[in-house]
Amino acid sequence: MKPKVFVTRRLPQGAMDVLEENFDIECNPYDRVLTREELLAGVAGKDGILPLLTDRIDDELLDAAGEQLKIVANYAVGFNNIDVPACTARKIPASNTPGVLTDTTADLAMGLLLAVARLIVPADVYARAGKYEGWAPLLFVGADVHHKTLGLLGFGRIGFAMAKRAAGFDMKVLYSDVAPVDAQIEKQVGATFVDKETLLRESDFVSVHVPLTPETRHIMDAPDFALMKPEAYLINTARGEVVHEAALVEALKRGQIAGAGLDVFEFEPEIHPELKAMDNVVILPHIASASLETRTKMGLIAADNLIAVLIEGKTPPPTCLNPEIYE
Ligand code: DGY
């Protein structure tokens with residue numbers, strides 16, 4: 001008998017094929033996020049769960065799953081939706097999908113940066129509306145990107161990948177994080193470690209690449225926007241809660257910053273209505289990792305973790321978040 005796995009949303013076919021070959025899969029039949037009740041009912045009696053970042057995995061859910069649950073394989077690199085200590089206390093491994101979405105996410109962060117600086121979205125809307133009547137010196141005049149300063153708040157895998165892209169635009173790259181990285185790594189992309197205040201004061205673009213933790217929640221708040229240049233832009237492809245959204249709206253309204261490129265929102269899927277009304281803000285529906293290749297690879301990593309634990313008995317699974325349970 002195949003192990004039973006609950007998949008909380010249909011994944012790309014390449015990943016579904018592997019899951020279906022190896023497991024007795026029960027998958028969310030709807031094209032929407034499951035309600036809490038549906039989620040709690042779905043996990044009952046399963047050996048493994050494959051949740052999304054929209055599914056909260058906590059004590060209540062682990063109780064609802066029952067004693068036979070052996071692994072939670074998250075379909076995301078971010079795992080703020082999982083109460084990892086609660087999994088650890090039950091000796092259940094939790095895993096994520098690091099690595100495969102790094103470049104795809106950095107591509108989109110750079111795309112947002114270019115879009116907001118060069119007014120790509122409103123210019124497209126204008127041209128489609130039949131308003132273009134000929135070249136004009138002041139038509140959609142934005143800001144240059146090349147040779148500007150990019151400040152990376154967070155210099156992990158995705159921050160580093162963003163720095164590589166910035167190097168191609170001859171940008172000066174600053175970063176701040178809990179500690180500087182190895183000088184060799186800095187040298188590869190010409191990045192300089194600075195404190196957060198210096199980064200905010202000197203950057204023309206501030207791009208956030210921190211995971212969501214209690215320490216990084218609202219890492220961009222009113223005093224932080226006050227330090228930024230009025231011609232600077234904020235880019236966020238990390239998690240919505242790292243930015244105090246109401247403070248961002250105020251900063252934009254007061255002209256404390258020039259604009260923002262946002263893929264994530266504090267109260268996702270709700271988006272602050274005032275942000276939606278602003279021309280100097282580009283708004284995307286959390287699609288930074290959304291290429292077919294990457295979304296398939298994310299599913300295959302989650303499948304590898306499930307296979308390791310439920311079929312091969314290999315522990316810890318490849319991208320385990322709490323390997324200490326095996327010590
Ligand atoms: C993640 O993986 O954490 C992204 O937010 C979605 O791919």
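Atoms within a ligand are numbered from 1 in the order they appear, just like the ligands themselves.
Under a 4.0 Å N-O distance rule, the pair Asp224/Lys196 qualifies as a salt bridge. Using a 4.0 Å cut-off between a side-chain N of Lys or Arg and a carboxylate O of Asp or Glu, Asp63 and Arg90 qualify as a salt bridge.
Protein residues with a heavy atom closer than 4.0 Å to ligand 1 are Leu53, Ala76, Val77, Gly78, Leu101, Arg239, His286, Ser289, Met298, listed by chain and number.
Evaluation of the ring pair (Phe, Tyr, Trp, His ring centres under 6.0 Å) rule for Tyr126 yields Phe140 as partners, not counting sequence neighbours. Residues passing the side-chain hydrogen bond (donor to acceptor under 3.5 Å, both in side chains) test with Asp124 are Arg128, sequence neighbours excluded.
A side chain to side chain donor-acceptor pair (under 3.5 Å) with Asp103 is found for exactly one of Arg165, Lys164, Arg157, namely Arg165.
Under the ring-ring contact (aromatic ring centres under 6.0 Å, His included) criterion, the residue pairs touching residues 220-248 are Phe205-Tyr233, His218-His244, with sequence neighbours excluded.
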